[in-house]
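Structure first, commentary second.
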Protein chains: 2
Amino acid sequence: MAQSDTVTRILDTAEVLFAERGFAETSLRNITSKARVNLAAVNYHFGSKKALIQAVFARYLDPFSQRFHSALDDLEARYSGRDIPLEVLLETMATTVLEVPAERNSLKVFMRLLGLAYSQAQGHLRRYIQQEYGDVFSRFTDLVRRATPDLPDAERFWRLHFMLGTVIFTLSGLDALRDIAEKDYRQQVSVRDLIRRLRPVVVAAMNAPLPVELDMELREDTATG
Amino acid sequence: MAQSDTVTRILDTAEVLFAERGFAETSLRNITSKARVNLAAVNYHFGSKKALIQAVFARYLDPFSQRFHSALDDLEARYSGRDIPLEVLLETMATTVLEVPAERNSLKVFMRLLGLAYSQAQGHLRRYIQQEYGDVFSRFTDLVRRATPDLPDAERFWRLHFMLGTVIFTLSGLDALRDIAEKDYRQQVSVRDLIRRLRPVVVAAMNAPLPVELDMELREDTATG
DNA sequence: AATTGTTTAAAACATCCGTTTTTATGGAGA
DNA sequence: TCTCCATAAAAACGGATGTTTTAAACAATT
């Protein structure tokens, strides 16, 4: 109890503060004082601030990649060779993403962390994630490729990232958007509600008609007509 | 020349460094040394680091909101009362967004700054933008409302922000995505190319069918079927 | 030519940072 | 009981940060 208590309190506090204020803006003194833990404990248990950041991610991504792998196992077994429909793939990913943080804090924190990882300075955090958990994402995109055979590879790549942007931006900035939405429309909005709204949008976006070729397209930088 | 030279050099350098590394990760010493300007010049000319950040934004957003306002003037005059189609509205916004940074540095910097503003700590930067430039955005969303009369207000609100997320995430993380795309698909991708790809996706997303009601929807948290 | 106001330059200030070192604590094994 | 060792606590270190102060340079005005 002595061991894990400090470590867990550090991780619990760190992930909240990181999500709220980013990595650079969150000092170890912020974390340790709020966690009511000695300052040196972070360097003692994790080695460095960077290692703590990675540990925060690992606590989410380890169970996620595990569950997502086995969910895809189930799916491939059920469809036994046949292509898995896009909607099913997206639904499976959404379900898995929702499962993991449900056990601990909140989806918002998880998404905010993901957003930070992507928009981070030199992207060394994104590379860490890619290196550590790239397998499961490759597996997923491969299944998506088979589900959308008419989409050129590059087009599918960009559309997947378009949708990744939608999801990360929306769910990581949830509090801000919720403020605006509630002020303007006087409605509460839950995460499940948001996912329900996201579903048709994402499907429609992935199935959108291909863009026009621009080989002969003229520049018109200044005038509007 | 003496006056504006230092101020301009500070702004030019600051916007690049901010876009590359974020606000907290960019020190005044980074800026002033790279701009070959004295350290105290920032506090002398701008008052504080926070004021410098806002000045960097203002240099983009002032001309943007000006041009966008007059572009919407033109549009409303041309359509004289009739509703402006969604595609035209989106195209106009895209054109204006592309125009402004073309005069100076790069669109990437502008978008990266916008992304930072949205994903920033307490959102005080987002509030500053909302307060300073909220008018033109309200005007735009109002026109979008008239262009999509079948969409419930709340649904339109969320879809607009979904798409905002797509655009900001994609264009602000452009370098990272370009890296991946070029490594995987051996293709160069320009900003214009990306906007061409974004257009049908955004239109399809806005016109997606409404989500199903979930009044009677059962929870199914664990099992997949 | 002297003075004024504006800008640059250099140095110093106080504060905060991540990390390391040193000291204390408290329980398990001999 | 004594020893050992993992953990915790406290203190200190070196360095970086935003800001302020002081002094110099310069141009414009009287």
Side-chain angles (χ1 to χ4, degrees), chain A residues 1-59 113 116-117 120-125 127-128, chain B residues 1-59 113 116-117 120-125 127-128:
Chain A
M1 175 200 171
Q3 145 93 29
S4 76
D5 197 42
T6 299
V7 170
T8 304
R9 267 219 305 277
I10 291 176
L11 286 173
D12 287 344
T13 310
E15 74 176 21
V16 171
L17 291 183
F18 285 154
E20 280 178 358
R21 308 144 47 156
F23 304 118
E25 295 86 349
T26 303
S27 70
L28 293 185
R29 285 170 174 81
N30 291 153
I31 297 171
T32 52
S33 71
K34 180 160 188 182
R36 300 202 300 128
V37 151
N38 188 269
L39 167 63
V42 168
N43 282 281
Y44 178 78
H45 285 287
F46 298 94
S48 68
K49 185 182 182 180
K50 180 183 280 187
L52 169 64
I53 295 175
Q54 296 186 345
V56 167
F57 274 88
R59 202 165 59 144
L113 290 174
L116 284 175
Q120 191 70 357
Q122 290 293 14
H124 74 278
L125 196 50
R127 267 191 295 278
Y128 161 79
Chain B
M1 178 201 175
Q3 142 95 26
S4 74
D5 197 43
T6 299
V7 170
T8 304
R9 269 221 305 276
I10 291 176
L11 286 173
D12 287 344
T13 311
E15 76 176 18
V16 170
L17 291 184
F18 284 155
E20 281 177 358
R21 311 150 38 165
F23 304 119
E25 295 87 348
T26 304
S27 70
L28 293 185
R29 283 169 176 82
N30 291 153
I31 297 171
T32 53
S33 72
K34 179 160 188 182
R36 300 201 300 129
V37 149
N38 187 268
L39 168 62
V42 169
N43 281 280
Y44 176 77
H45 286 286
F46 298 95
S48 66
K49 183 181 183 181
K50 179 185 280 188
L52 169 63
I53 294 175
Q54 296 186 346
V56 167
F57 274 89
R59 202 166 57 146
L113 290 174
L116 284 174
Q120 192 66 356
Q122 292 291 13
H124 74 279
L125 197 50
R127 265 191 296 279
Y128 161 79

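Atoms considered below: every heavy atom in the structure, side chains included; atoms not considered: hydrogens, waters and symmetry mates. Letters go in sequence order (proteins before strands), and every chain restarts at 1.
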Could you work out, with ring pair (Phe, Tyr, Trp, His ring centres under 6.0 Å) as the rule, every residue matching B:F57, not counting sequence neighbours?
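Once residues adjacent in sequence are excluded, B:F57 has no partner under the ring pair (Phe, Tyr, Trp, His ring centres under 6.0 Å) criterion.
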Over how many whole Å does the gap from [X] atom [atom1] to [N] atom [atom2] extend?
X	N	atom1	atom2	answer
A:F23	C:dC17	CZ	C1'	18 Å
A:Y44	C:dT21	OH	P	15 Å
A:R9	D:dT7	CZ	C1'	13 Å
B:R21	D:dT17	CZ	C1'	13 Å
B:N43	D:dT19	CG	P	5 Å
A:H45	C:dT20	NE2	P	15 Å
A:L28	C:dT19	CG	C1'	9 Å

Who pairs with A:S27 by side-chain hydrogen bond (donor to acceptor under 3.5 Å, both in side chains), at least two apart in sequence or on another chain?
A:N30
Quick check: closest heavy atoms across [X] and [Y], and the distance to 0.1 Å?
X	Y	value
B:I10	B:I31	O-CG2, 4.0 Å
A:F23	A:K49	O-NZ, 3.0 Å
A:R9	A:R36	NH2-O, 3.2 Å
B:A14	B:V56	CB-CG2, 4.1 Å

Sorted by number, residues from residues 47-57 of chain B placing a heavy atom under 4.0 Å from DNA chain D are B:S48, B:K49
Polar atom pairs between nucleotides 9-16 of chain D and protein, under 3.5 Å, N or O only, would you list them?
{"from": "D:dA9", "atom 1": "N7", "to": "A:N38", "atom 2": "OD1", "distance (Å)": "3.4"}

Each nucleotide N or O in nucleotides 22-25 of chain C that has a protein N or O under 3.5 Å away: list the pair and distance.
none

So if I take the C1' atoms of five pairs at each end of the helix from C:dA1-D:dT30 to C:dA30-D:dT1 and get each local axis, what angle do the two axes make, rounded to 10 degrees?
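One end axis against the other gives 20°.
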Looking for any heavy atom pair under 4.0 Å, which part of the strands does B:T32 touch: base, sugar-phosphate only, or nothing?
nothing
